[in-house]
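Input: a single structure, listed below in structure tokens.
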Amino acid sequence: MKRQFLKIFIAGIMVLAMNLISTEAYSQCAMCRATVESNVGTGSTDSDSQVGAGLNTGILYLMLIPYVLVGTVGFLWYKSNQKKKARMA
């Protein structure tokens with residue numbers, strides 16, 4: 001039990017450190033950048049904000065999928081371990 005807690009604690013510290021140490025990245029995919037630059041270059045209109053909102057939604061969608069998958073696998077693994085413990089007890 002103590003060893004498992006230590007592993008979880010170390011993993012948590014590592015995740016926290018990675019979040020605090022990370023640098024800002026200004027890189028973008030070439031297609032997104034070209035779309036935004038061409039729309040902004042033509043003048044400020046309502047369609048510019050729609051394109052930006054659509055790109056932001058797409059980025060959030062792509063960012064969310066890995067977290068959902070890892071969370072689902074982790075939840076199923078946790079439930080499986082709980083069932084094993086219940087059978088052994």
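Given the structure is predicted, the values throughout are model-derived calculations rather than measurements.
In this structure, Arg3 CZ and Ile8 CD1 are separated by 13.0 Å, a value rounded to the nearest 0.5 Å. Here the CD1 atom belonging to Ile65 is positioned 4.5 Å from the OH atom belonging to Tyr61, to the nearest 0.5 angstrom. Here the straight-line distance linking atom NZ of Lys84 with atom CZ of Arg87 works out to 8.5 Å at 0.5 Å rounding.
Under a 4.5 Å side-chain heavy-atom criterion applied to ILVMFWY residues, the cluster that includes Val68 comprises Leu64 as well. As a member of the Ile/Leu/Val/Met/Phe/Trp/Tyr network built from side-chain separations under 4.5 Å, Leu60 groups with Met63, Tyr67. The hydrophobic side chain of Tyr78 is isolated, with no ILVMFWY side chain under 4.5 Å apart from it.
In this structure, Gln4 places its CD atom where only 12 or fewer heavy-atom neighbours from other residues, nucleotides or ligands lie under 6.0 Å away.
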